[in-house]
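Comments concern the structure below.
One-based numbering, in listed order, for ligands and for the atoms of each.
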Amino acid sequence: MTIRAVRGVHDILPGEGEKWRRVERIARDVFDSYGYEEIRLPIFERTELFARTIGEATDIVQKEMYTFQDRGGDSVTLRPEATAGLLRAYIEHGLFVHPKPIKLYTMGPMFRYERPQAGRYRQFHQLDVEALGDEHASLDAEMIAMLVEFFRRLDLAQRLQVEINSLGDEKPECRPRYRTELVRYLRANADRLCEECRERIERNPLRVLDCKKPECRRVLDRAPALGDFLCADCAAHFGKTREYLEATGVPHVVSPRLVRGLDYYMRTTFELTTTELGAQNAVAGGGRYDGLIKLLGGPPDPGIGFAVGVERVVQLLPDEGPEAWEGRRVGVFLIPLGEEPLKRLLPIANQLRSKGLVVEVGHGERKLGRELERANKLPQAKRLGVLQAVILGPDELARGEAIVRELKSGTQRTVPLSGLVDELLALGGRA
Ligand code: ATP
Ligand code: MG
């Protein structure tokens with residue numbers, strides 16, 4: 001029996017790779033332009049790191065983590081998200097001594113034991129961005145604007161909606177007062193909620209607001225709104241964030257019942273959603289988590305961040321990327337007919353590649369007809385459109401010439417070997 005991939009885990013096949021590269025390249029471009037630096041983190045950490053940051057009562061920690069004992073008996077977990085590891089690194093390496101905010105981003109696979117379905121996988125990928133050590137509302141707005149700019153560069157911004165909300169903070173007159181009200185309301189309407197929601201009322205009541213089931217939505221849409229309970233500081237912070245968003249020209253809507261799946265969020269939270277992906281409608285989400293760094297044993301630095309779900313972004317992208325193969329434009333297929341022509345073409349192939357052309361070399365033992373047939377099926381022929389074939393047989397070699405043939409039209413001409421590289425470069429390689 002053949003062995004298949006693990007359920008909920010996917011290969012990203014060659015044809016899809018281009019979109020992934022585009023997403024990652026534009027992410028780096030945009031994040032760099034806002035002064036963020038890349039940090040690369042391990043994909044597994046001590047289990048307790050996630051338990052402490054994400055929260056014991058969350059779905060992630062309760063039932064979604066890939067946790068195992070390593071051979072030394074330590075409990076380790078494949079990261080379900082990147083913020084925890086990033087904050088660990090921030091504290092461990094004393095990054096907080098630099099002028100704040102410290103702006104960092106990372107990208108890579110995350111692991112959650114969820115029920116696999118369209119847009120929901122057990123290994124998936126995130127772009128993760130965090131700004132640490134600054135609590136000003138202008139940072140919240142800048143971060144949301146940057147996220148929108150990333151989607152604008154991908155030509156997706158007009159298909160997404162920015163939803164924002166404030167979760168308040170843990171001062172008694174703020175979220176705790178709301179939580180009491182919410183629990184009272186949920187208990188009174190418990191019989192109209194799904195089993196999962198009923199179970200959450202005591203354990204994690206805010207999370208109930210996130211339930212997508214229609215029967216629950218009917219109850220939850222009438223629940224008290226956190227926005228009406230914010231303390232003066234949190235209300236001011238939220239108001240400022242919105243003012244700066246408006247000043248930057250970022251359209252957004254306030255979603256009074258937007259909450260997030262992780263315990264540590266407070267004040268500003270946001271999500272980018274689309275109507276095009278069915279139930280899995282969030283392509284990115286984030287928020288502020290002042291207090292979390294201190295909880296992890298670091299300085300009392302505030303923080304804010306977001307994560308983009310790359311699979312869902314890739315799903316939204318149209319098939320043809322404008323910048324196929326990262327700016328390489330011309331494909332060349334060098335077809336030697338025999339051993340000596342092959343040796344003559346090998347250094348030429350490298351010269352052309354170093355100038356940005358995509359070059360394939362035959363091994364000299366196939367018939368010309370077979371090679372030409374193969375040429376049209378090469379991935380570079382499909383992606384770059386134009387492919388030039390260079391045919392070099394013993395006779396041409398003896399005359400110091402090669403035949404250059406444009407595959408699509410079939411037109412061909414003879415070019416002196418000494419001028420071959422320049423001739424092909426003139427067709428459009430990078431200088
Ligand atoms: P959701 O409500 O869709 O479960 P979440 O609140 O669990 O999302 P976050 O932990 O904030 O999501 O992760 C940020 C983004 O990562 C999400 O908006 C989504 O695009 C993506 N994401 C989360 N879980 C998965 C998954 N299992 N498979 C694919 N993408 C995911
Ligand atoms: Mg989730």
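- The number of heavy atoms from other shown groups lying within 6.0 Å of CD (E135) does not exceed 12.
- Partners of R405 according to the side-chain hydrogen bond (donor to acceptor under 3.5 Å, both in side chains) rule, which considers only residues two or more places apart in sequence or in another chain, are Q412.
- The N/O atoms of K212, backbone and side chain alike, include none that comes under 3.5 Å of an N/O atom in ligand 1.
- Counted by atom type alone, T83 and E130 present one or more donor-acceptor pairs between their side chains at under 3.5 Å.
- Below 3.5 Å of separation, one finds no N or O of R207 facing any N or O of ligand 1.
- The residue among Y265, F306, F124 with a heavy atom at the shortest distance from atom 23 (C) of ligand 1 is F124.
- The six-membered or imidazole ring of F31 lies near that of Y105, with a centre-to-centre distance under 6.0 Å.
- Within the structure, ligand 1 lacks E311 among the residues with a heavy atom less than 4.0 angstrom away.
- Nearest-heavy-atom check against atom 12 (O) of ligand 1 across Q117, R112, M110, E271 picks out R112.
- Residue contact check: G119 has heavy atoms under 4.0 Å from atoms 28 (N), 29 (C), 30 (N) of ligand 1.
- Looking at E163 and T273, their side chains do bring a donor and an acceptor atom within 3.5 Å of each other.
- Listed by atom number, the atoms of ligand 1 under 4.0 Å from G309 heavy atoms are 15 (C), 16 (O), 20 (O), 21 (C).
- When the shell of 6.0 Å around CZ of R370 is examined, it contains 12 or fewer heavy atoms from other residues, nucleotides or ligands.
- Under a 4.0 angstrom heavy-atom cut-off, E81 registers as lying outside contact with ligand 1.
- Taking every heavy atom of both residues into account, I39 and A89 meet most closely at CD1-CB, 4.1 Å.
- Heavy atoms of other residues, nucleotides or ligands lying less than 6.0 angstrom from OH of Y113 number 12 at most.
- The shortest heavy-atom distance from Q280 to ligand 1 is not under 4.0 Å.
- When non-hydrogen atoms are compared, ligand 1 lies under 4.0 Å from neither the backbone nor the side chain of D210.
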Taking distance alone, no hydrogens or angles, what donor-acceptor pairs closer than 3.5 Å link side-chain atoms of residues 224-240 to residues at least two apart or in another chain?
unit_1	atom_1	unit_2	atom_2	d
H237	NE2	D140	OD2	2.7
K240	NZ	E243	OE1	3.3

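- In terms of polar-atom proximity, A282 is counted as a contact of ligand 1, with an N or O under 3.5 Å from an N or O of the ligand.
- Residue contact check: A284 has heavy atoms under 4.0 Å from atoms 18 (O) of ligand 1.
- With a 4.0 Å heavy-atom cut-off, ligand 1 is reached by the side chain of E114 but not by its N, CA, C or O.
- Close approach of ligand 1 to V283 is summarised as follows: ligand atoms under 4.0 Å from at least one heavy atom of the residue are 18 (O), 20 (O).
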